[in-house]
Amino acid sequence: MELSSTSMEAGLPADEKRLGRSGATRPGPGIVHLGLGAFFRAFGAIYVDDAVRGSGGDWGIIGVSLQSPATRDRLAPQDFVYTTVTQNSDGGETFRKVEIVQDVLVAPENPEAVLAWMSDPAIRIVTLTVTEKGYCHDPATGNLNLDHPDIVHDLENTLPKSAPGFLVRALQWRRDAGLAPFTVLTCDNLPENGKLVRRAVLDLAGKVDPSLADWISAEGRFPSTMVDRITPATKPEDIERLAQKVGYRDEAPVMCEPFRQWVVEDDFVPAHGADARPDLAAAGVELVPDVTPYENMKLRMLNGTHSSLAYLGYLAGHETIAETVADPVFAGFVKRLWREEIMPSFTPPEGVELDAYADALFERYSNPSIRHRTWQIAMDGSQKLPQRILGTITDNLDAGRACPGLMLAVAGWMRYVGGIDEKGQPIEVKDPLAAQLRALSDSVETADRKVAALLSVRDIFSSRLADELASPVSRAYDLLAAHGARKAVGDIR
Ligand code: CS2
């Protein structure tokens, strides 16, 4: 008689029991997801799972890692099942076993297999979380960067490397097979993210085959979305704690806060009719005609302050966002940023009360169970600053409103990418432009020359911003260098 896996494992210590499927019917695949990191597994996958549980439909997810095999290698032995750990502010945790991911492919190992899935008739949506830099665009203008090495590669080869490359080639395969396109549903924190990915795809398709670009432009759909859930990176101790609590070992759990919000433009490829999307509304997704006001609010209010707290908090020696806002100086700073510099800069979505939104953000940041490292959020600042902070600064300049707090945040980023902290220790700066930024900062001595050198990076700062920021950011940089971040933050009025 064969032993069932449960009885085979019955004698093992609890934390060595393997995680696997429950035996429930698996939905057929309907979505390919590019960039299967922790965020999507704690976010989009949960909404899709809820939609399938509530309303049915074949919306199983085929995950794709565009770079490393690490996620696949952890998930494959547990049949792509994983646990979400929702961390409440009272220290309690709730666990959910998620079975919606059906397989994970690693693109560099077999790009053809990825294209084959993306052009499978069952696939109607391709979702993406490839981070800001994954779109290979120029952050200051939004144009596709034709000099990006992956784009150069994708123009010369039919098996792509970049996310836009996979979208274009898969859409080409589908057109050539007489299939309707998939809906491209981006879930990255970029303004007008649907328009941005559409532009990248059309720019690249136009170079590959202009008639393909025409077909995509007519038939394709790229709804914009606003995504929100704080998802700190999983740490080894999270894996151990989970094993002790649930009695099985999960090598790839994801940590998240209780809050989540997904706002999506209801614009999916019409050729797929009633099967164009899962029943997202039933799963709590807000389907709206225009997502822009939601995106502006979230990028400026949440991500703008997240990044400001990340650079300045890191320099002041704070490890996490919760620790940073537990420091009264930073709590006052972030509240002032919202009230005086960010809230006046944009029009909120109808019916949203911004004071309440800011209060709720402060509560979320203060959740002590969420150990979201300032270092993690500080990553890729060159790609994040424009939509998180520089747009707000531009609108304030236009309105003649001073914004010393945001100027200090930009100066904080400059100190951070300079690579040395306030104790003289090296900072591990993760950014596609890290080497260039460090070299610029090191090339000159004085604060105003360092600021001028960094402001000359046109991928980030327009020439207008470079002119207007030169003196306020130099002053802020001086304060940081002379007194340290904590004092500089406390002195902002
Ligand atoms: C954070 C975001 O890492 C970061 O840059 O600001 O990931 C943030 O936690 C999410 O956008 C919250 O929805």
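All values derive from a computational prediction rather than experimental measurement. All ligand and atom numbering here is 1-based and tracks the order in the structure.
- Looking at ligand 1, you'll find an N or O of Asn189 within less than 3.5 Å of one of its N or O atoms.
- At least one heavy atom of Lys384 sits under 4.0 Å from some atom of ligand 1.
- Listed for the Thr324 side chain is no donor-acceptor partner under 3.5 Å among the backbone atoms of Ala322.
- When non-hydrogen atoms are compared, ligand 1 lies under 4.0 Å from the backbone of Ile377 as well as from its side chain.
- In this structure, the protein non-hydrogen atom closest to atom 2 (C) of ligand 1 is Asn303 ND2, 3.6 Å.
- One finds a salt bridge joining Arg336 and Glu341 here, because a Lys/Arg side-chain nitrogen approaches an Asp/Glu carboxylate oxygen to under 4.0 Å.
- Side chains of Asp279 and Ser55: a donor-acceptor N/O pair is present below 3.5 angstrom, by distance only.
- Summary of contacts: the protein heavy atom closest to atom 13 (O) of ligand 1 is Asp228 OD1, 2.6 Å.
- For atom 8 (C) of ligand 1, the candidate residues are Gln383, Met226, His306; the nearest heavy-atom contact is made by His306.
- The pair Arg96-Asp50 meets the salt-bridge criterion, since a charged nitrogen lies less than 4.0 angstrom from a carboxylate oxygen.
- Counting the atoms of ligand 1 from 1 in the order shown, those under 4.0 Å from a heavy atom of Arg229 are 12 (C), 13 (O).
- Environment of CD in Gln261: crowded, with over 12 heavy atoms of neighbouring residues, nucleotides or ligands closer than 6.0 Å.
- Of the candidates His372, Arg388, Lys298, Met379, the one placing a heavy atom closest to atom 10 (C) of ligand 1 is Lys298.
- Within a 6.0 Å radius of NZ in Lys430, other residues, nucleotides and ligands contribute 12 heavy atoms or fewer.
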